[in-house]
Amino acid sequence: MKHRTLRLTLLSLIGGALLTACSQAPSEPRPKTPSRQVAPSRPLGRDRYVVMTYERTLIPAGPYQGQYLHQSYITYYDQLPKGTGLTNRVEDNTLTGRFGTDGGGLLQAGQQLYRYSNSFNNHTQGALLVNTPVRLVFSPTGGRIGEQVYQDTDNVNFSQTPKNIFVTDRVGYLVEPPSPGIKELGRYYTIDTFDPILMQPLQGKLYITNTDIEQINAFTEQVTPALKGQSLSYTALGLNLLVRHGDVLLLDVQRGGEAGVSATKDIYLAAYEATNGGRYLGASALKGTGRIGSASELLQYCHDEQGDLYLLAQGGDALGFYRNSMIYRVRKGQYEIDPTWQVKVSDLFPDRGAIRFNGIFARGGKVYTMVSVGDLKTEDDQSRHNLWQHYTIDVATRSAEPIPGLLPSSSFVHGVNNVAYIDGKIYLRYVRLGDEQPYNGYYLYDPEARSATPAFSFEPRRGGLVADFKKITLPR
């Protein structure tokens with residue numbers, strides 16, 4: 001999934017020429033595998049343990065010939081994977097597709113899994129279908145994973161502009177930039193709702209009106225007086241953060257000018273009712289925190305078991321790396337940022353340089369994240385091998401401790417979902433590259449004993465590096 005840049009947002013506001021791609025595009029060939037999985041002699045159970053991996057792949061033909069992208073492989077098992085040297089390229093069930101240049105993973109709502117465009121890409125074509133939500137389809141009898149693609153018109157075409165989704169087990173929400181001319185209707189743009197199974201639009205929409213935008217702009221200028229008097233051509237909501245918190249939708253607010261670059265390093269969150277037309281409730285802010293984070297697939301937010309919402313602000317200078325990278329929260333039943341609880345990476349590590357957090361998970365009074373062990377000075381720095389150390393942060397004391405037994409490991413560019421919660425247990429994504437104690441899989445973490453032990457791992461040459469791990473149970 002391509003990074004949702006403000007420049008693309010600006011172009012979508014001004015140009016109005018939305019690219020579309022036909023869902024009938026040829027599917028990608030299945031990967032050649034070292035060996036073919038033998039069909040099981042027993043009936044499949046209803047559980048699906050789903051693993052996503054990715055690897056760097058050379059495009060063999062077409063206008064992108066000779067360039068590299070990251071290919072993803074999504075494979076399922078009906079039992080918890082075990083052992084070492086596993087393959088995630090299984091001809092009988094593996095779904096192959098593009099892995100976003102900014103990272104990616106799987107979204108889960110109830111017993112359904114979602115992601116953005118996957119096997120509907122074709123590397124030999126001039127245009128890759130991007131930013132297209134799909135639901136993964138699993139047959140109770142086995143076979144390859146299918147995809148139910150979101151359809152926003154009768155012609156099954158879908159805009160390739162930047163967008164964001166959030167899905168519950170009852171309804172999905174989708175936001176994309178406004179179309180030209182819609183301001184004249186008094187509606188700046190809408191947040192569409194869709195059926196999370198059929199992947200088709202529902203009639204209920206949440207309307208972001210011109211009046212809402214005026215109030216939001218006034219709020220941002222009150223928080224950040226330097227915005228006053230600037231020539232700011234757009235206000236965009238929800239392109240980096242879109243999450244339902246109880247009965248409220250929280251969306252990030254971006255304001256920018258002709259260059260397509262954010263005009264402020266402050267963070268603003270707008271709150272809307274999640275139903276009944278989406279009445280605007282209000283906004284809150286964090287000063288000097290820079291980039292709010294990455295979009296949905298990377299899960300830079302997490303509810304704990306108490307219903308509190310924890311979020312990650314990446315911080316940011318021009319590259320997005322800052323010592324003001326921060327974890328913050330919104331309490332259950334509230335829609336404003338909790339001013340009493342924040343953790344900055346610079347507070348935890350005052351003697352270190354340009355570092356930041358990566359990923360977030362909250363459970364049992366702890367926040368799980370990763371922290372870079374070296375300074376981030378260039379765009380390529382954050383993808384260096386073995387750069388990230390697993391940490392837990394105590395919610396009560398706001399103190400951080402490294403997870404014992406794990407050396408610094410690798411994480412893909414802007415992050416992947418570094419923690420999986422499966423069958424009531426915590427699994428830590430652990431990709432250690434190089435010759436010193438290499439590993440490519442998951443560790444099982446016991447929070448009571450504060451110990452991590454190997455759970456299962458994959459051979460990198462048979463499907464690449466692990467990116468995500470989820471479990472669903474099919475209906476009877």
Side-chain angles (χ1 to χ4, degrees), residues 105-110 114 164-175 191 206 216 237-254 266-275 278-287 289-315 324-345 356-370 391-396 398 400 415 417-421 426 470:
L106 301 172
L107 300 174
Q108 182 167 2
Y114 304 84
N164 206 351
I165 63 171
F166 183 83
V167 188
T168 73
D169 57 355
R170 294 179 177 271
V171 62
Y173 300 89
L174 182 145
V175 61
I191 301 172
L206 309 181
I216 290 170
L237 273 65
L239 293 183
N240 282 331
L241 175 68
L242 172 65
V243 57
R244 180 162 176 171
H245 178 52
D247 293 328
V248 173
L249 276 184
L250 294 175
L251 306 93
D252 72 292
V253 177
Q254 301 176 61
D266 298 335
I267 281 179
Y268 320 101
L269 297 187
Y272 279 79
E273 287 183 340
T275 57
R279 180 173 62 93
Y280 174 62
L281 299 173
S284 56
L286 283 173
K287 294 284 290 182
T289 45
R291 190 162 58 91
I292 195 167
S294 304
S296 293
E297 285 184 337
L298 306 183
L299 292 191
Q300 306 292 357
Y301 56 83
C302 180
H303 283 97
D304 68 5
E305 67 271 35
Q306 305 300 323
D308 291 336
L309 175 65
Y310 290 83
L311 306 101
L312 173 61
Q314 300 282 23
N324 59 358
S325 180
M326 175 189 291
I327 296 173
Y328 61 107
R329 74 179 177 189
V330 179
R331 300 304 298 265
K332 179 181 179 180
Q334 305 294 318
Y335 63 79
E336 294 182 336
I337 295 169
D338 180 2
T340 69
W341 197 94
Q342 300 167 7
V343 178
K344 283 187 177 181
V345 73
R356 71 170 178 88
F357 295 120
N358 185 327
I360 188 169
F361 177 76
R363 180 71 51 170
K366 305 288 185 182
V367 173
Y368 295 76
T369 188
M370 302 182 83
Y391 274 83
T392 60
I393 299 174
D394 187 275
V395 172
R398 281 174 271 191
N417 302 322
N418 293 317
V419 180
Y421 191 66
I426 294 173
K470 295 283 193 289

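What's counted below: heavy atoms across the whole structure, side chains too, no hydrogens, waters or symmetry copies. None of the values given here were measured: they were computed from a predicted structure.
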**Q** Can you name the closest pair of heavy atoms from Lys470 and Asn417 and give their distance?
**A** NZ-ND2, 3.9 Å
**Q** With respect to Tyr310, which candidate in Tyr301, Trp341, Tyr368 satisfies the ring-ring contact (aromatic ring centres under 6.0 Å, His included) definition?
**A** Trp341
**Q** Over all heavy atoms of both residues, which pair between Ala313 and Ser325 is shortest? Give the atoms and the distance, please.
**A** O-OG, 3.2 Å
**Q** Rounded to the nearest 0.5 Å, how far apart are CG of Asn240 and CD of Gln300?
**A** 10.0 Å
**Q** Are any non-hydrogen side-chain atoms of Val343 and Phe357 less than 4.5 angstrom apart?
**A** yes
**Q** Does the pair Asp304/Arg363 count as a salt bridge with the N-to-O cut at 4.0 Å?
**A** no
**Q** Might you work through the side-chain contact (heavy atoms from CB on, under 4.5 Å) test for Leu251 and Tyr272, ending with a clear yes or no?
**A** CA-CA 8 Å; Leu251 306 93; Tyr272 279 79; 3.9 Å; yes
**Q** Main chain of Asp338, side chain of Glu336: is a donor-acceptor contact present, judged purely on distance under 3.5 Å?
**A** no
**Q** Before you tell me yes or no, could you show the steps for Val395 and Asp308 under side-chain contact (heavy atoms from CB on, under 4.5 Å), namely the whole-Å CA-CA distance, both residues' side-chain angles and the distance that decides it to 0.1 Å?
**A** CA-CA 11 Å; Val395 172; Asp308 291 336; over 6 Å; no
**Q** How about Leu311 and Ile360: do any of their side-chain heavy atoms sit closer than 4.5 Å?
**A** no
**Q** Begin with the C-alpha distance, continue with both residues' side-chain angles, and end with the deciding distance and a verdict on side-chain contact (heavy atoms from CB on, under 4.5 Å) for Thr275 and Asp247.
**A** CA-CA 7 Å; Thr275 57; Asp247 293 328; 6.0 Å; no
**Q** Report the distance from atom CG of Leu312 to atom CG of Asn358, rounding to the nearest 0.5 Å.
**A** 8.0 Å
**Q** I want to check a possible cation-pi pair here: Arg244 against Tyr173, using under 6.0 Å from ring centre and within 45° of the ring axis as the test.
**A** no
**Q** Can you tell me how far apart CG (Leu286) and CE (Met326) are? Round to the nearest 0.5 Å.
**A** 5.5 Å
**Q** Might you point out which heavy atoms bring Leu237 and Ala270 nearest each other, and give the distance in Å?
**A** CD2-CB, 4.2 Å
**Q** For a quick test of reading the model, state the closest non-hydrogen atom pair linking Leu241 to Asp252 and the distance between them.
**A** N-OD1, 2.8 Å
**Q** Do the non-hydrogen side-chain atoms of Tyr421 and Ile426 ever get within less than 4.5 Å of each other?
**A** yes
**Q** Can you confirm whether Asp394 sits close enough to Lys366 that some side-chain heavy atom of one is under 4.5 Å from a side-chain heavy atom of the other?
**A** yes
**Q** Please assess His303 against Lys332 for the test side-chain contact (heavy atoms from CB on, under 4.5 Å), listing each intermediate value before the final yes or no.
**A** CA-CA 9 Å; His303 283 97; Lys332 179 181 179 180; over 6 Å; no
**Q** Quick check against the 3.5 Å criterion: does Thr392 have a side-chain atom that pairs as donor or acceptor with the backbone of Val367?
**A** no
**Q** Minimum heavy-atom separation for Tyr280 to Ala271, with atom names?
**A** CD1-O, 3.5 Å
**Q** Could you grab the distance from atom CD of Glu273 to atom CG of Leu206, nearest 0.5 Å is fine?
**A** 9.5 Å
**Q** Quick one: pull up CG in Leu269 and OH in Tyr328 and give me the separation to the nearest 0.5 Å.
**A** 4.5 Å
**Q** What distance separates Leu250 CG from Leu281 CG, expressed to the nearest 0.5 Å?
**A** 9.0 Å
